[in-house]
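Quick note: residue numbers are just sequence positions, from 1.
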Amino acid sequence: SVSSATECKNDCEDINYVCDAANKKSYSHIQGTDFFTADTNHCKLAITDNGYNAVGSWVLLTPDIGASEYVIELNFRIESGKEAGLVFAASLSEPQSVYVSLDASSNSIEIGDDSTLTDEVTIWETIDNVLIDYNVDYTLKVHKQSDGHWHVYVDDILKWSSTLPEHQITDSKFPNHHVGFSSWQATATANWLKLSFPSSPVPESVCSA
């Protein structure tokens, strides 16, 4: 395990950001602060969202990443309901974000974008179909590249790439600041969330979080 910034610079991928979930920024449209439970002894984070709006509920787990290229890996399960996955927030104070989620109700991978909206309405797009079972652990990975493109993997299988002509996305529409675990109309549990940096040193802000 990694316990200091110095160790982090050498082995940052060993940090499980879920372990400090109780101390991180959380957001829920109506439910206040009682929508999630963080088990610090076993490093798990459970979120229940009742679907009051299209933004859902989330807990931001990382600091401002501050890197042009990074890999985020989230291991989690959906116990009931619709969808859960990663949220990429441009700011700690606003819900406007980009989401990459697994939807167990429709067996699909979804991208949600409300990064340019002001009325908390998220635009969702199905990017691929994949069988999602309840109470089964999945690893959702997003590789954000320095050229602004990004790739989505489920259990290390490439499911979507922004390099495809029909799915162009600019760097400005993919916030690379704060990353967390989100849920919409679902109860879900995150087991671990980790960062890695394929082409650059580990940012100091990440190590000192």
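Cluster note: Leu158 groups with Tyr153 through ILVMFWY side-chain heavy atoms spaced under 4.5 Å, whether in direct contact or through intervening members.
Contact between Lys82 and Trp184 at its shortest, heavy atoms only, is CB-O, 3.6 Å. Considering all non-hydrogen atoms of both residues, Val136 and Tyr138 come closest at O-CD1, 3.1 Å. Smallest separation of non-hydrogen atoms from Phe76 and Gly85: CZ-CA, 4.0 Å. Scanning all heavy atoms of the two residues, the minimum distance from Ala190 to Val18 falls at O-CG1, 3.8 Å. Smallest separation of non-hydrogen atoms from Ile47 and Ser183: CG2-CB, 3.6 Å.
Here the side chains of Trp160 and Ile111 are in contact, with some heavy-atom distance below 4.5 Å. Considering only heavy atoms from C-beta on, Ser105 stays 4.5 Å or farther from Glu83 through its side chain. Between His143 and His149 the shortest side-chain heavy-atom distance does not fall below 4.5 Å. Looking at heavy atoms from C-beta onward, Thr126 lies out of side-chain contact with Ile109 at the 4.5 angstrom threshold. By the 4.5 Å heavy-atom criterion applied to side chains, Lys144 and His151 are not counted as neighbours. For the pair Ser182 and Ser57, the minimum side-chain heavy-atom distance is 4.5 Å or more. Counting heavy atoms from C-beta on, the side chains of Leu86 and Tyr99 never come closer than 4.5 Å.
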TODO: Given side-chain contact (heavy atoms from CB on, under 4.5 Å), test Phe181 with Leu193 step by step and report yes or no.
DONE: CA-CA 8 Å; Phe181 181 49; Leu193 183 144; 5.5 Å; no
TODO: Could you walk me through whether Thr48 and Thr187 pass the side chain to side chain donor-acceptor pair (under 3.5 Å) test, one step at a time?
DONE: CA-CA 4 Å; Thr48 296; Thr187 295; 3.1 Å; yes
TODO: Please lay out, stage by stage, how Leu60 and Val179 fare under the test side-chain contact (heavy atoms from CB on, under 4.5 Å).
DONE: CA-CA 6 Å; Leu60 293 179; Val179 181; over 6 Å; no
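Between the side chains of Glu79 and Thr189, at least one donor N or O sits under 3.5 Å from an acceptor N or O.
Note on Val154: it does not cluster hydrophobically with Trp192, by side-chain heavy-atom contacts below 4.5 Å among ILVMFWY residues. Val71 and Leu140 are members of different hydrophobic clusters when ILVMFWY side chains are connected at heavy-atom separations under 4.5 Å.
For Lys141, the salt bridge (charged side-chain N to carboxylate O under 4.0 Å, His left out) criterion is met by Asp156, not counting sequence neighbours.
Asn191 pairs in a side chain to side chain contact (heavy atoms under 4.5 Å, CB included) with only one of the listed residues (Asn75, Leu74, Leu45), which is Asn75.
Interatomic distance, Trp150 CH2 to Phe88 CZ, rounded to the nearest 0.5 Å: 7.5 Å. Remark: Glu69 CD to Gln145 CD distance equals 6.0 Å, nearest 0.5 Å.
At least one donor-acceptor pair under 3.5 Å links the side chain of Asp155 to the backbone N or O of Thr139. A donor-acceptor contact shorter than 3.5 Å links the side chain of Asp49 to the backbone of Gln185.
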Side-chain donor-acceptor contacts of residues 127-135 below 3.5 Å, not counting sequence neighbours, with atom names and distances?
from, atom 1, to, atom 2, distance (Å)
Tyr134, OH, Gly81, O, 2.7

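Ion pairing of Asp137 with Arg77 is present here, as a side-chain N (NZ or NE/NH1/NH2) and a carboxylate O approach within less than 4.0 Å.
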